[in-house]
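Position 1 is the first residue of the sequence; numbering continues from there.
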Amino acid sequence: MISKENILAIAKKTILSESEAIIKLIDFLDENFYEAVQRIYETKGRLIVTGIGKSAIIAQKMVATFNSTGTPSMFLHASEAIHGDLGMIQKEDIIICISKSGNSPEIKVLVPLLKRFGNILIAITGNITSSLAKGSDYVLNTTVETEACPINLAPTNSTTAQLVMGDALAVCLMEMRDFKPEDFAVYHPGGALGKKLLLRVKDMIEHSLKPMVTPETSIKKAIFEISEKRLGVTAVIEEGKIIGIITDGDIRRMLNDVDTIADLTAKDIMSKNPKLISSETMAVDALNMMEDFSITQLIVADNGEYKGVLHLHDILKEGIV
């Protein structure tokens, strides 16, 4: 039975070992890396990423990262490639082949087949004298001294190094393409991330009610308007312009301060200069504004025209927080 202290020590040792392996990659960055990035950036084709075993899993993650950051990519399993899947490779595609040893039987068979097509081949390998390295146009060195694995067999440091090298390529390409958050949103339309990047205020108030009263509206009717629309607030509108806001909090404070509401009107208790937001504002920015001012509703207006009310619950319902 291993003690808690030993388990934590093993975990720390593993993380330290992998972090040291990553740091050493900095010394391996050279002209090969620069040229590889340039070729990928300039190609009119796709980026094909291939590997076998654990390297194939890393290749799949790389493809996901490249695709989501503006570099069209496809995964090709090395063993399937030599059984027909080479047909997916087109003339202008660039190929990245990932292999720790660079000498596995499948890789030895695959490299000359890839070169026969005339495509640029980029190796990501931990063995710069391997068959893969010798057969490639550019070699990205991911050599590690040892694995974090206690018996130095299970790919740990080596696959982490491969993954980080792939991320370095992707980030360089993002910078070269001047890739912006709105570009990222195009490739991530679903889920919470997509909503943070794409959802605007107008998308959440399209079918919402528009509570409103005039300055002369009685408090009783203002309370009824707030209750009926169920947004905890009403805008105060005069000649088409928003001049104030009444929240349910304003109502509670008023009831604590007065004995009768018979003679009171909306203008007597409204808050002037309410916080306004455009319907084109991103939902996440609206949320930040609510947090900054410690409020739960925002009046939505475009060029002074009242569009509706955005409530914190609308944002929470969308699941972007």
Go through the structure and list residues passing side chain to side chain contact (heavy atoms under 4.5 Å, CB included) with [X], not counting sequence neighbours.
X	value
T260	A262
D268	L264, T265
K220	S218
I277	V201, T281, A286, M289, L298, V300

Test of understanding: clusters of I, L, V, M, F, W, Y form through side-chain heavy atoms closer than 4.5 Å, transitively. Do [X] and [Y] belong to the same one?
X	Y	answer
V233	L209	no
L316	M204	yes
V49	L113	no
I96	V139	no
M254	I243	yes

Which atoms form the tightest heavy-atom contact between [X] and [Y], and what is the distance?
X	Y	result
S131	K108	OG-CE, 3.7 Å
A148	T14	CB-CG2, 3.8 Å
I246	A222	CD1-CB, 4.5 Å
K229	P211	CG-CB, 3.6 Å
I219	A266	CD1-N, 4.0 Å
I237	P215	O-CD, 3.5 Å

For atom [atom1] of [X], is the number of surrounding heavy atoms from other residues, nucleotides or ligands below 6.0 Å larger than 12?
X	atom1	value
K221	NZ	no
D263	CG	no
K267	NZ	no
N273	CG	no
I261	CD1	yes
E280	CD	yes

When rounded to the nearest 0.5 angstrom, what is the spacing between [atom1] in [X] and [atom2] in [Y]?
X	Y	atom1	atom2	result
I95	L114	CD1	CG	4.5 Å
Y138	N32	OH	CG	8.0 Å
I52	C97	CD1	SG	9.5 Å
I48	S73	CD1	OG	7.5 Å
L310	L276	CG	CG	12.5 Å
L140	L25	CG	CG	10.0 Å

Q: Start with the C-alpha gap between K275 and M290, add the side-chain angles, then the distance that decides, and say whether side chain to side chain contact (heavy atoms under 4.5 Å, CB included) holds.
A: CA-CA 9 Å; K275 299 293 183 294; M290 289 181 183; over 6 Å; no
Do the non-hydrogen side-chain atoms of [X] and [Y] ever get within less than 4.5 Å of each other?
X	Y	result
I40	I120	no
I245	V236	no
K115	L121	yes
I299	M212	no

Q | Steps toward side chain to side chain contact (heavy atoms under 4.5 Å, CB included) verdict (D167, T65) | A | CA-CA 8 Å; D167 286 343; T65 300; 4.3 Å; yes
Donor-acceptor pair, distance only, cut-off 3.5 Å: does the side chain of [X] make one with the backbone of [Y]?
X	Y	value
S227	F224	no
E147	T156	yes
N67	A64	no

Quick test of your reading: applying side chain to side chain donor-acceptor pair (under 3.5 Å), list the pairs with at least one residue in [range], sequence neighbours left out, ordered by first then second residue.
range	answer
residues 81-95	R46-D93
residues 116-129	N127-T129
residues 231-247	T247-D250
residues 51-60	S55-Q162

Between side-chain atoms of residues 17-24 and protein atoms elsewhere (two or more places apart, or another chain), which donor-acceptor pairs fall under 3.5 Å?
from : atom 1 : to   : atom 2 : distance (Å)
S17  : OG     : N157 : ND2    : 2.9
E18  : OE1    : T160 : OG1    : 2.4
S19  : OG     : I15  : O      : 3.2
S19  : OG     : L16  : O      : 2.8
K24  : NZ     : E145 : OE1    : 3.4
K24  : NZ     : E145 : OE2    : 2.9

Q: Any pair with a residue in residues 28-61 that passes ring-ring contact (aromatic ring centres under 6.0 Å, His included), sequence neighbours left out, goes on the list, sorted by first then second residue, please.
A: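 Checked against ring-ring contact (aromatic ring centres under 6.0 Å, His included) - neighbours excluded - no pair reaches residues 28-61.
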(Q) Applying ring-ring contact (aromatic ring centres under 6.0 Å, His included) as the test, list every pair that has at least one member in residues 291-313; sequence neighbours left out. (A)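 Residue pairs with at least one partner in residues 291-313: H311-H313.
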Q: Report the C-alpha separation of V309 and I205 in whole Å, then their side-chain angles, then the decisive distance to 0.1 Å, and conclude whether the side chain to side chain contact (heavy atoms under 4.5 Å, CB included) test is met.
A: CA-CA 7 Å; V309 175; I205 66 164; over 6 Å; no
**Q.** Any donor-acceptor N or O pair under 3.5 Å, side chains R177, T71
**A.**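 Distance-only check passes for R177 and T71.
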Q: State whether a side-chain donor-acceptor pair under 3.5 Å links N152 with T146.
A: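 Absent: no donor and acceptor within the cut-off.
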Q: Run through the side-chain heavy atoms of Ile, Leu, Val, Met, Phe, Trp and Tyr, join any pair under 4.5 Å, and report what else lands in I7's cluster.
A: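 Joined to I7, directly or through intermediates: I2.
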Q: Any chance you could lay out the side chain to side chain contact (heavy atoms under 4.5 Å, CB included) test for I98 and M62, step after step, and finish with the verdict?
A: CA-CA 11 Å; I98 309 171; M62 283 189 194; 3.6 Å; yes
